[in-house]
Amino acid sequence: MITVKDFAEVLETDNIQLVGGSQYINKEITYLTSMELTEKTSRMKEKGFVMTTFHAFKDVNQIISHLEWMQEIGISAIGFHTAALKTIPREVIDYSNTHSFPLFEIPQEVPYYSIHEKYNQLVNKKENEQASKIHRLNEKLMEIVLLEKDLNSIVKVIGEYINNVVCVLDPYFNLIAYWKTKEQTRDEIKHLINLIINQHKENVLKVRFTNRETNIAVKMDSLSDQNFKVAPLFSKMNFLGYLIICQNGTADKFSEEVIKNGIRALSLAAYNKNTLLHYQKSKDIEMLEGIFQGESDDKSLSDFYMDLKKVRCIFQVQSSTPETLQSKLQIFSELLIENETNSRLWIYNRKIVGVIDSIIDRERVAAILTDYPGIRIGVSAIEEVNTCSKIKAMYDQSSMGLLHGHVHDVQLVFWDEMGIEKVAYNLQSHHLFQNFDEELLGPLIAYDLEKNASLTETLYTYLKHFFNLQRSSSELFVHPNTVKYRLQKINELMQVDIQNPSHYSMLMLAFSIYRSKQKADQFQ
């Protein structure tokens, strides 16, 4: 695009000065013409640079009237040649400044053809610069494909050139890549896609089945219509998705070439890496892992491609043979994921992690586990996700489920079915309670080590069976009187009334911490 400002810089070398209307020099000039007659001819079009001597005009008023007409039809600038009038009338300059109509003074010795030559040279220079820019952009697009970068890298190149919204949708109309202006938000882009699909779903689908681009006008909320180009993304015989580009105020004639090259790059990238199918998953997984690591404050649900509000639970799978996790990942993906759009399943920290939009069926999972004795699964509570911190909490719940399964040698643990261990496993991480188990159970542990006795195990079994002597002796394989004797010794050493409800609760907490510590080193 050549602006009045661009042309003014070139004309200045021939002493052709901009003498009025300098506050409106960003207007585009698309052609040059001359005018010597007073008629208002239809050959005058918008965005022109008109050169004239005004010698046929009888007075200044007629000149001003003609300037008004030229401004109405969209002429960009006037070149006042001083061959007839040696000085531009003050009224003409005042009109130019008042109405922001760029006015140039052309010296009488400068012929029109030299101005045409300068304009043509400027056009060639601009086109060569633009062609070089397009060539560099195309090389950049191909480099992105070869380096296997994500789709947003390609979309960014297109968007920054045309300075308009660019979106890529998968075959099911899910947004998987986009470029927006700084003033727009992700939610606004999502809303725009909803408007496009609601108003033009048939036209968009036709793009897929005819393999042809189409243009649509979208009615915006309380705004004028916006025009969009919808182009299909194909690789060989596979349909990969849709490219949607806002065309309001598209940059220039080279934009189509940029878009064409962008479509080719997107199709190549999608074919090479199956990017359109996996991109949104990898981005979501990257952000989910950040949340698991405690980085939830700077994230919101709208940052995700998946709809986190539909997530119902998180589970983790740990295997005694980590090298087989990849094959087990496929098994759990097929059996537990109902909607791939709103579920993610991947390997993280040597465990399979599932963030899913369905509720795990205990019987179904138990049946799977009968064939895989070396597997443990921890399942979070069934929650409604309204913040990213809820995702972090659910992940931690599933981690506690895995730990509980390890401590108690259980394959499947649901957070909702755990008891006092919910408190115990988290309590020991607090600095005030790191030695809580030793403070209460220390005398028994020390006695057992010194005498090779079983007081610690006896107390735990007795409490576990709610003071039932017969059940406790059966589990310990000793006579009930032996249990009674041990309990007497326990009371002597601990000086704690184990029948007291408060003491009972604290002792069970202490045992939970003690047992988890014994196996913590083995649990990773």
Side-chain angles (χ1 to χ4, degrees), residues 1-130 163 224 248-255:
M1 181 177 77
I2 295 175
T3 64
V4 173
K5 180 181 178 181
D6 296 330
F7 201 30
E9 292 174 355
V10 172
L11 294 178
E12 195 173 8
T13 59
D14 271 1
N15 199 29
I16 300 173
Q17 303 294 326
L18 180 66
V19 295
S22 59
Q23 65 271 46
Y24 201 33
I25 57 176
N26 289 322
K27 297 174 71 174
E28 183 182 6
I29 297 175
T30 59
Y31 70 96
L32 264 61
T33 189
S34 58
M35 176 205 74
E36 296 302 339
L37 302 177
T38 60
E39 64 176 346
K40 296 177 180 179
T41 174
S42 60
R43 70 182 177 83
M44 290 286 187
K45 306 293 182 184
E46 64 175 348
K47 298 182 180 179
F49 181 93
V50 178
M51 299 175 290
T52 178
T53 62
F54 287 111
H55 77 280
F57 290 72
K58 61 183 180 180
D59 55 31
V60 170
N61 289 334
Q62 191 176 16
I63 292 175
I64 297 296
S65 175
H66 217 72
L67 290 175
E68 290 173 346
W69 169 73
M70 285 192 287
Q71 197 166 20
E72 283 178 9
I73 65 173
I75 295 300
S76 296
I78 298 295
F80 196 120
H81 200 288
T82 57
L85 297 173
K86 305 304 180 187
T87 304
I88 300 176
R90 170 47 56 186
E91 295 91 337
V92 173
I93 295 176
D94 289 344
Y95 176 88
S96 168
N97 287 322
T98 302
H99 294 83
S100 303
F101 196 14
L103 175 69
F104 289 83
E105 182 178 356
I106 304 174
Q108 59 180 335
E109 68 274 10
V110 177
Y112 286 163
Y113 75 82
S114 69
I115 298 175
H116 277 281
E117 286 179 354
K118 288 188 177 295
Y119 179 75
N120 291 334
Q121 289 171 1
L122 183 58
V123 168
N124 290 334
K125 179 183 176 183
K126 287 280 185 179
E127 288 192 348
N128 289 335
E129 289 175 352
Q130 200 64 32
N163 196 31
S224 57
N248 286 30
T250 298
D252 52 43
K253 66 180 182 180
F254 291 98
S255 296

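The residues of the chain are indexed from 1 along the displayed sequence.
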Is the ring centre of Y119 less than 6.0 Å from the ring centre of F7? yes
For I75 and I78, work out which heavy atoms get closest and say how close. CG2-CD1, 4.2 Å
Can you sort out the partners of K125 under salt bridge (charged side-chain N to carboxylate O under 4.0 Å, His left out), two or more places apart, ordered by chain and number? none
Please check if any side-chain donor atom of H55 sits under 3.5 Å from a side-chain acceptor atom of E36, or the reverse. yes
Qualifying residues under ring pair (Phe, Tyr, Trp, His ring centres under 6.0 Å), relative to F104, sequence neighbours excluded: F49
Is the backbone of I88 close enough, under 3.5 Å, to the side chain of E105 for a donor and an acceptor to pair up by distance? no
Whether over 12 other heavy atoms sit under 6.0 Å from K58 NZ: no
Validation row: I2, V123 side chains within 4.5 angstrom (heavy atoms): yes
Quick one: does T82's side chain get under 4.5 Å of I106's, heavy atoms only? no
Locate the shortest heavy-atom distance separating V4 from A77; write the atom from each residue and the value. CG2-CB, 4.3 Å
With side chain to side chain contact (heavy atoms under 4.5 Å, CB included) as the criterion, how do L67 and M70 come out once you've worked through the C-alpha distance, each side chain's angles and the decisive distance to 0.1 Å? CA-CA 5 Å; L67 290 175; M70 285 192 287; 3.7 Å; yes
Pair T33-Y31, side chain to side chain contact (heavy atoms under 4.5 Å, CB included): steps then yes or no: CA-CA 7 Å; T33 189; Y31 70 96; 3.8 Å; yes
K126: which residues meet the salt bridge (charged side-chain N to carboxylate O under 4.0 Å, His left out) condition with it, sequence neighbours left out? D6
Does L85 reach the side chain of T53, with side-chain heavy atoms less than 4.5 Å apart? no
H99: partners by ring pair (Phe, Tyr, Trp, His ring centres under 6.0 Å), with sequence neighbours left out: Y95
Scan residues 19-29 for pairs that pass salt bridge (charged side-chain N to carboxylate O under 4.0 Å, His left out), counting only residues two or more places apart or in two chains. E28-K47
Verdict with reasoning, I93 to F80, per side chain to side chain contact (heavy atoms under 4.5 Å, CB included): CA-CA 10 Å; I93 295 176; F80 196 120; over 6 Å; no
Indicate the atoms forming the closest heavy-atom contact of S96 with G20, along with that distance. OG-C, 3.0 Å
Could you check whether any side-chain heavy atom of F101 comes within less than 4.5 Å of a side-chain heavy atom of L103, counting everything from C-beta outward? no
Are any of the side-chain heavy atoms of T52 and H81 separated by less than 4.5 Å? no
Would you mind reporting whether M44 and T41 have side-chain heavy atoms less than 4.5 Å apart? yes
Determine whether a donor-acceptor pair (N or O, by modelled atom type, separation under 3.5 Å) exists between the side chain of N97 and the backbone of G21. yes
Atom NZ of K118 with >12 non-hydrogen neighbours under 6.0 angstrom: yes
Tightest non-hydrogen contact, residues L32 and H116, listed as CB-CE1, 3.6 Å
My understanding is that only residues two or more places apart in sequence, or in another chain, count here; which of them pass salt bridge (charged side-chain N to carboxylate O under 4.0 Å, His left out) with R43? none
Hey, what do you get for OG (S114) to CG (L11), rounding to the nearest 0.5 Å? 9.0 Å
Is the shortest heavy-atom distance from the side chain of V50 to the side chain of S34 under 4.5 Å? no
Would M51 and M35 count as a side chain to side chain contact (heavy atoms under 4.5 Å, CB included) here? Give the steps. CA-CA 6 Å; M51 299 175 290; M35 176 205 74; over 6 Å; no
